[in-house]
Amino acid sequence: MQLKLYDTLTRQKRDFVPLDWELGLPKAERRVRMYVCGPTVYDFAHIGNARPVIVFDVLFRLLRHLYGNDRVVYVRNITDVDDRINARAAELGVAIRELTERTYRDFAEDVQALGCLPPSFEPRATEYIEPMQAMIERLIDQGNAYVAEEHVLFHVPSMPDYGELSKRPLDEMLAGARVEVAPYKRNPMDFVLWKPSKPGEPAWPSPAGIATPGRPGWHIECSAMAWRHLGEMFDIHGGGIDLEFPHHENEIAQSRSAFHTPRMARFWVHNGFLQLEGEKMAKSVGNVVTIRELLKNWNGVGWPGETLRFNMLRTHYHQPMDWTVAGVEESHKILLSWYEDLSPVSVDEMPPPEIVEALCDDLNTPELMTVLHKLKREKQSGSLGASLRFLGFSGDISKLYRTYTLEAGVGQYAVSLPSTVQFSVQRYPNELQEQIAALKEARDRARKEKNFAEADRIRDELKKMHILLKDLKDDTTLEVER
RNA sequence: GGCCACGUGGCGGAGUGGUUACGCAGCGGUCUGCAAAACCGUUUACCCCGGUUCAAUUCCGGGCGUGGCCUCCA
């Protein structure tokens, strides 16, 4: 099946053929190579950060399916040197290394909860200073970069194709620029490859004979890490659309100039931006929602990671997405209805061709939803299960329970509980369980006496605790809202 | 100000030059004290204005709106 991907550089949906296949390398040497910009580890990742992680995890899974698990190399970097990290560490009064390690662990936990496979490599920027310096020296030697006031700057006019990704004519960019240009730049568009550090800031010996120790600029790390792991030219470079300019444009300038390649990556794949309840999600608006909050307690509800993953995939990755409570609830409902009647799936069972076909069409996950709904409708639960597993969903209904944070008397109870058709309130705190049992008995009595107003009142009260009642022929079951 | 995306029924969301995807919600029915759940059935769409065409939601131009980038940002 032929994978097609939309390439931002050419603005076209094209057939994807990995370079090694096109070159006809021996089978054992072939690799599909993908690089995705990862997190800057200074604070919990928010739901916007989760989008590329989930989207490219799906692409990773698809590539493994198409080319073989051992043929795909997926690199997602960790940016652990950055001014925001320095600021945050100072604010918290902790060592930079401690902050970055802790934040990375939190990120790894969150991402795992979202059903994402670990990438093949997760290189940290601070462990790649040496290749960054090697690239910088090379760029200077070749006349693509220069030293000025202890900075090393990339000279943009030395790269004739600059702007090819974002399609920005240089003169127009300058006309609209709102930033003050540092006086030592030869050209206003020139960007920093290396900068001197002040005392107390992270620093390494500087390249190019610069006396003051310094640290890398933002863009060079990705060029260096991609080079080390994937070579001078590779197949796919991914990330959020906001990175298109300047970050990816500058990566291209650095890598292509250093290695004299016609492309840095053969496909540039960008996911669209995410909004929250119709608003831009930003610290300035005060509506940033972290993955952690969504998993633990978002307006009283902790959502299963699989629900969050599913919700993300209901929108095509290229489209702008609006993240809403209503949307998450709908996702959760759909997933529950599917998980309820999955039959056991054998490990070897493959998803039906339509599933792979939908993904091969530029990761058309909404189309994929249609296929999944069809499998459900036609009661093909084996195929449904195999498809879900393929997409990173467990199919295990016990992983789909929500966590409620209740106000019950003093303090709050966070309760996480399973729910079956049987009584299943055992994970509520004891005093709540007693309360619930008493309410149920009271309601049973009221119903016997045909006092239905009272019975309905009690039902509403239980509903507030996320307990649902189902009146059967001669019994009433209690279950936790799922 | 410059550049770039996007604009589909109550909501979410694909797709297509001609045959009203799909899901959620809603409505009707079976069932129920009433509900819930389940099952069956079912309504509603392509931002505005021009143009091309036998025919446009789909192509082209303009407008309006939303968002992104130009400064850290997925």
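So that the names make sense, note that chain A is the first sequence line, chain B the second, and so on, each numbered from 1. This structure is a prediction, so every number in the text was calculated from the model and none was measured. Worth knowing before you read on, the calculation uses all heavy atoms, side chains too, and leaves out hydrogens, waters and symmetry mates.
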Item to check | Stacked pair A/Phe452-B/G33, distance under 5.5 Å, angle under 30° | outcome: yes
Next on the checklist: Strictly by Watson-Crick or wobble contacts shorter than 3.5 Å, is anything paired with B/G41, and which nucleotide is it?
Outcome noted: B/C27
Checklist entry - Say you pick atom P in B/A36 and the same atom in B/G17; how far apart are they, in whole Å? => result 43 Å
Item to check | Nearest-Å distance for atom pair NE2/P, residues A/His373 and B/A25 | outcome: 11 Å
Checklist entry - A/Arg377 side chain N/O closer than 4.0 Å to the phosphate oxygens (OP1, OP2) of B/C22? => result no
Checklist entry - Going by the angle between their ring planes, with limits at 30° and 60°, are A/Phe154 and A/Phe191 parallel, tilted or perpendicular? => result parallel
Item to check | For atom CZ of A/Phe273 and atom P of B/C6, their distance in whole Å | outcome: 17 Å
Checklist entry - Is the ring centre of A/His237 less than 6.0 Å from the ring centre of A/Phe267? => result no
Checklist outcome for this item: Side-chain atoms of A/Phe245 come closest, of B/C69, B/A14, B/C22, to B/C69
Checklist entry - Does the base of B/G33 carry an N or O that pairs as donor and acceptor with the side chain of A/Asp456 under 3.5 Å? => result yes
Next on the checklist: At 4.0 Å (heavy atoms only), tell me whether A/Arg76 reaches a base, stays on the sugar-phosphate, or touches nothing.
Outcome noted: nothing
Next on the checklist: I'd like the C1' distance from B/G7 over to B/G63, given in whole Å.
Outcome noted: 13 Å
Next on the checklist: Over all strands shown, is A/Lys280 touching base, sugar-phosphate only, or nothing at heavy-atom distances under 4.0 angstrom?
Outcome noted: sugar-phosphate
Checklist entry - B/A37 P sits how many Å from A/Ile467 CD1, rounded? => result 16 Å
Next on the checklist: Within 45 degrees of the ring normal and closer than 6.0 Å to the centroid, is that where the cationic atom of A/Arg124 sits relative to A/Tyr104?
Outcome noted: yes
Checklist entry - Does a distance-only test, which skips hydrogens and angles, find a donor-acceptor pair under 3.5 Å between the side chain of A/Arg443 and the base of B/G33? => result yes
Item to check | A/Thr315, nearest nucleotide to its side chain (from B/A74, B/A14, B/A36) | outcome: B/A14
Next on the checklist: When the P atoms of B/C22 and B/G61 are compared, how many Å lie between them, rounded to an integer?
Outcome noted: 33 Å
Checklist entry - If you measure from the P atom in B/C59 to the same atom in B/U8, how many Å do you get, rounded? => result 15 Å
Next on the checklist: Distance check needed: B/C70 P versus A/His248 NE2, whole Å only.
Outcome noted: 13 Å
Checklist entry - Counting side-chain heavy atoms from C-beta on, which of B/G67, B/A74, B/C70 comes nearest to A/Pro246? => result B/C70
Checklist entry - Do the side chain of A/Glu330 and the base of B/G23 come within less than 3.5 angstrom through a donor-acceptor pair of N or O atoms? => result yes
Next on the checklist: Using 30° and 60° as the class boundaries, would you call the ring planes of A/His229 and A/Tyr128 parallel, tilted or perpendicular?
Outcome noted: tilted
Next on the checklist: Can you check the distance between B/A56 and B/G51, where both ends of the measurement are the P atom (answer in whole Å)?
Outcome noted: 11 Å
Checklist entry - Which value, in whole Å, describes the distance between the P atoms of nucleotides B/G50 and B/U44? => result 27 Å
Checklist entry - Of the candidate nucleotides B/A5, B/G15, B/G33, which contains the atom at the shortest distance from the side chain of A/Asn364? => result B/G15
Checklist entry - Base, sugar-phosphate, or nothing: which does A/Gln319 touch, judged by heavy atoms less than 4.0 Å apart? => result sugar-phosphate
Next on the checklist: Is the positively charged end of A/Arg309 above the ring of A/Phe393, judged by distance under 6.0 angstrom from the centroid and angle within 45° of the axis?
Outcome noted: yes
Checklist entry - Which whole-number value in Å describes the distance from A/Asp43 CG to B/C72 C1'? => result 14 Å
Checklist outcome for this item: As its Watson-Crick or G-U partner within any shown strand, both distances under 3.5 Å, B/G1 has B/C70
Next on the checklist: Does any part of the side chain of A/Lys195, heavy atoms only, come nearer than 4.5 Å to the side chain of A/Val152, both counted from C-beta?
Outcome noted: no
Checklist entry - Would you call the rings of A/Phe390 and A/His65 parallel, tilted or perpendicular, where under 30° means parallel and over 60° means perpendicular? => result perpendicular
Item to check | For atom NE2 of A/His270 and atom P of B/G67, their distance in whole Å | outcome: 22 Å
Next on the checklist: Over all strands shown, is A/Leu243 touching base, sugar-phosphate only, or nothing at heavy-atom distances under 4.0 angstrom?
Outcome noted: sugar-phosphate
Checklist entry - Around A/Glu340, counting heavy atoms of other residues, nucleotides and ligands shown, do more than 12 lie under 6.0 Å from its CD? => result yes
Next on the checklist: When the P atoms of B/U58 and B/G68 are compared, how many Å lie between them, rounded to an integer?
Outcome noted: 26 Å
Next on the checklist: Taking only the P atom of each, what is the distance from B/C24 to B/U43 in whole angstrom?
Outcome noted: 15 Å
Checklist entry - Does A/Asp471 get its side chain close enough to the base of B/C34, under 3.5 Å, for a donor-acceptor pair? => result yes
Next on the checklist: From CD of A/Glu340 over to P of B/A38, roughly how many Å is that when rounded to an integer?
Outcome noted: 7 Å
Checklist outcome for this item: Whichever of A/Pro320 and A/Ile334 has the more 5' nearest nucleotide on RNA chain B, that residue is A/Pro320
Checklist outcome for this item: Under a 3.5 Å limit on both distances, the Watson-Crick or wobble mate of B/G65 is B/C6
Checklist entry - Which word best sums up how the rings of A/Tyr404 and A/His466 line up, parallel for under 30°, tilted for 30 to 60°, or perpendicular for over 60°? => result parallel
Next on the checklist: By nearest heavy atom, map A/Arg459 and A/His316 onto RNA chain B; which one lands nearer the 5' end?
Outcome noted: A/His316
Next on the checklist: What is the separation between atom CG on A/Asn287 and atom P on B/G67, rounded to the nearest whole Å?
Outcome noted: 12 Å
Next on the checklist: My understanding is that a pair needs two contacts under 3.5 Å, Watson-Crick or G-U wobble. By that rule, which nucleotide pairs with B/U57?
Outcome noted: none
Next on the checklist: Could you tell me the Watson-Crick or G-U partner of B/G12, where both distances fall under 3.5 Å? Say none if there is no partner.
Outcome noted: B/C22
Next on the checklist: Classify A/Arg314 by what it touches in the nucleic acid, base, sugar-phosphate, or nothing, heavy-atom distance under 4.0 Å.
Outcome noted: sugar-phosphate
Checklist entry - In terms of side-chain heavy atoms of A/Leu274, which of B/A37, B/A74, B/C22 is nearest? => result B/A74
Next on the checklist: Base, sugar-phosphate or nothing for A/Gly327? Non-hydrogen atoms, less than 4.0 Å.
Outcome noted: nothing
Checklist entry - Taking the side chain of A/Asp242 as its heavy atoms from C-beta onward, which of B/A5, B/A25, B/C69 lies nearest to it? => result B/C69
Next on the checklist: Of the listed nucleotides (B/C69, B/C22, B/C72), which one gets closest to any side-chain atom of A/Thr370?
Outcome noted: B/C22
